[in-house]
Student: 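Below are the structure tokens for one structure; questions will follow.
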Amino acid sequence: MPARFTAFSADPITVARRLLGQRLVRVINGQRLAGTIVEVEAYLGADDAAAHTYRGRRTARNAAMYLPGGHAYVYFTYGMHHCLNIVCGKADEGVAVLLRAIHPTEGLKRMHRNRPSAKRETDLCSGPAKLTQALAIDRSLNEIDMCASRSLFLERLRSRALPPSRILCTRRIGVDYAQEWADRPLRFLIKDTLWASRGR
DNA sequence: CCCGTGATTTAT
DNA sequence: TAAATCACGGGG
């Protein structure tokens, strides 16, 4: 079996930066729901105290993170929220990028129906669990291959990556328990975007 | 600021 | 088996 190589086979920091400006597409009941990725976070695997794969942990929940790059890791948390990651690297590295916000561009009416609490368009997909709710992404999509799926995949909008001058890099959100790893600059967002999560 | 909410993880 | 945790969102 030849080793698989995709755009997601790189390290998670490289993939995170490349994902900004690409379009995330969800097709459900024949309808396209889509938006431009504006905010992501890299999770670096066994060394990263904020990662679900910290210290090489392998559990039923995080098994998808050990698949080869390009697979989806969807997990359920706080009794009500789903978060979507794209696995990076080679099999068994346990590294991924969390999708934290998109600028919604297609299927907005349907997204509003999926997320009745969102008052404004800027509330629709401006957080990791907001975007999964708007796009109807749940654990049924865990472990799918986003390079092959017709239900959840990416489309490249630009052939070139965004220039570094248009990318802002900060500490990650909501991982204070990870101490010094919480301060590492592993969150990437498009500078001046109106569509990112308001960091807490 | 606090709380819901329940699967998952970790401690006993 | 029991307790604690949680890559969050919404409402004051």
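In what follows, chains are A, B, ... by sequence order, proteins preceding strands, each numbered from 1. Predicted model, so just to flag it, every value in this text is computed and none were measured.
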Student: Rounded to the nearest angstrom, tell me the gap between atom OH in A:Tyr54 and atom P in C:dT5.
Tutor: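 Interatomic distance, OH of A:Tyr54 to P of C:dT5: 16 Å.
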
Student: Should stems be defined as at least three consecutive Watson-Crick or G-U pairs with both distances under 3.5 angstrom, which of them involve DNA chain B?
Tutor: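 As far as DNA chain B goes, consecutive pairing (with distances under 3.5 Å) yields the stems B:1-4 with C:8-11, B:6-11 with C:1-6.
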
Student: To the side chain of A:Phe76, which of C:dA7, B:dG4, B:dA7 is closest?
Tutor: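 Nearest to the side-chain atoms of A:Phe76, counting from C-beta on, is B:dA7.
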
Student: I need the CD-P distance between A:Glu41 and C:dC6, as an integer number of Å.
Tutor: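 It is 15 Å, rounded to the nearest whole Å.
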
Student: Side chains of A:Arg187 and A:Thr170 only: does a donor on one sit below 3.5 Å from an acceptor on the other?
Tutor: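 Yes, because at least one side-chain N or O of A:Arg187 sits under 3.5 Å from a partner of the opposite role on A:Thr170.
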
Student: What integer distance in Å separates A:Tyr75:OH from B:dA7:C1'?
Tutor: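 Those two atoms, OH and C1', are 13 Å apart.
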
Student: Provide the distance between the two P atoms, one in B:dA11 and one in C:dA7, to the nearest whole Å.
Tutor: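 Going atom to atom, P in each nucleotide, I get 15 Å.
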
Student: Salt bridge or not between A:Asp47 and A:Arg184? Use side-chain N to carboxylate O under 4.0 Å.
Tutor: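 A:Arg184 and A:Asp47: not salt-bridged.
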
Student: Check each residue of residues 123-142 of chain A for a non-hydrogen atom within less than 4.0 Å of any atom in DNA chain C, then write out the ones that pass by number, or none.
Tutor: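 Nucleic-acid contacts, sorted: A:Gly127, A:Pro128, A:Ala129, A:Lys130.
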
Student: Check the phosphate of C:dG10 against A:Ser117, side-chain N and O only, distance under 4.0 Å to OP1 or OP2. Yes or no?
Tutor: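 Yes.
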
Student: What class does the angle between the rings of A:Trp195 and A:His103 fall in, given that below 30° is parallel, 30 to 60° is tilted and above 60° is perpendicular?
Tutor: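 Rings of A:Trp195 and A:His103: parallel, under 30°.
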
Student: Measure CG/A:Asn62 against P/C:dC6 and give the value in whole Å, please.
Tutor: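 Atom-to-atom, A:Asn62 to C:dC6, this comes out as 15 Å.
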
Student: Please give, in whole Å, the distance from C:dA7 C1' to A:Glu39 CD?
Tutor: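 It is 11 Å, rounded to the nearest whole Å.
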
Student: Please state the P separation for the pair B:dT12 and C:dC6 - nearest whole angstrom.
Tutor: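 Nearest-Å result for B:dT12 against C:dC6 at atom P: 16 Å.
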
Student: Quick one: do A:Asp48 and A:Arg172 make a salt bridge, cutoff under 4.0 Å?
Tutor: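 Looking at A:Asp48 and A:Arg172, the cut-off is met.
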
Student: Roughly, in whole Å, what's the span from CD1 in A:Ile173 to P in C:dG9?
Tutor: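 Value for this atom pair: 11 Å.
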
Student: Between A:Thr36 and A:Gln22, do the side chains contain a donor N or O and an acceptor N or O under 3.5 Å apart?
Tutor: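 No - no donor-acceptor pair under 3.5 Å links their side chains.
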
Student: Mind checking whether A:Tyr43 and A:His52 have ring centres under 6.0 Å apart?
Tutor: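 No, ring centres 6.0 Å or more apart.
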
Student: When you measure from the side-chain N and O atoms of A:Arg198 to the phosphate of C:dG9, is any distance below 4.0 Å, counting only OP1 and OP2?
Tutor: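 Negative; the distance criterion is not met.
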
Student: Just to confirm, is there a sub-4.0 Å distance from OP1 or OP2 of B:dT5 to any side-chain nitrogen or oxygen of A:His81?
Tutor: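 For B:dT5, OP1/OP2 do not have a side-chain N/O of A:His81 under 4.0 Å.
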
Student: Roughly how many Å is it from CZ in A:Arg55 to P in B:dT9, rounded to a whole number?
Tutor: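 The distance from CZ of A:Arg55 to P of B:dT9 comes to 15 Å, rounded to the nearest Å.
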
Student: Determine the contact category for A:Arg172: base if any of its heavy atoms lies under 4.0 Å from a base atom, sugar-phosphate if only primed atoms, P, OP1 or OP2 are that close, otherwise nothing.
Tutor: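 Since no nucleic acid heavy atom lies under 4.0 Å of A:Arg172, the category is nothing.
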
Student: Give the rounded distance in Å between these two atoms: NE2 of A:His52 and P of C:dT5.
Tutor: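 That distance rounds to 15 Å.
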
Student: Rounding to an integer number of angstrom, what distance separates B:dT8 and C:dG10 when you compare their C1' atoms?
Tutor: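 To the nearest whole Å, 24 Å.
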
Student: Just grab all the side chain to side chain donor-acceptor pair (under 3.5 Å) pairs involving residues 24-33 of chain A, residues at least two apart or on different chains.
Tutor: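 Qualifying pairs, neighbours excluded: A:Arg32-A:Glu106, A:Arg32-A:Glu155.
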
Student: Which nucleotide wins on minimum distance to the side chain of A:Tyr78, given the candidates C:dC6, C:dG10, C:dA7?
Tutor: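 Nearest listed nucleotide: C:dC6.
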
Student: Any salt bridge between A:Asp176 and A:Arg171, counting N to O under 4.0 Å?
Tutor: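 Salt bridge between A:Asp176 and A:Arg171, a charged N being under 4.0 Å from a carboxylate O: yes.
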
Student: Going by ring centres under 5.5 Å and near-parallel planes (under 30°), is A:Tyr177 stacked on C:dC6?
Tutor: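 Base of C:dC6: not stacked against A:Tyr177.
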
Student: Under 4.0 Å from OP1 or OP2 of B:dA7: is there any side-chain N or O of A:Arg61 that close?
Tutor: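 It does not, given that no N or O in the side chain of A:Arg61 lies less than 4.0 Å from OP1 or OP2 of B:dA7.
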
Student: Using a 3.5 Å distance criterion without hydrogens, assess whether the side chain of A:Thr193 forms a donor-acceptor pair with backbone atoms of A:Ile190.
Tutor: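 Side chain of A:Thr193 to backbone of A:Ile190, a donor-acceptor pair under 3.5 Å: no, none is there.
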
Student: Does this structure show an ion pair linking A:Arg58 with A:Asp92, if we count only N-O contacts that are shorter than 4.0 Å?
Tutor: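 Answer for the salt bridge query: yes.
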
Student: Over all strands shown, is A:Arg187 touching base, sugar-phosphate only, or nothing at heavy-atom distances under 4.0 angstrom?
Tutor: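 A:Arg187: no heavy atom of the nucleic acid under 4.0 Å.
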
Student: Please assess A:Glu121 against A:Leu108 for the test side chain to side chain contact (heavy atoms under 4.5 Å, CB included), listing each intermediate value before the final yes or no.
Tutor: CA-CA 8 Å; A:Glu121 273 184 32; A:Leu108 296 229; 3.4 Å; yes

Student: Counting just side-chain N and O atoms, does A:Thr59 come under 4.0 Å of either OP1 or OP2 of B:dT9?
Tutor: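 For B:dT9, OP1 or OP2 has a side-chain N or O of A:Thr59 closer than 4.0 Å.
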
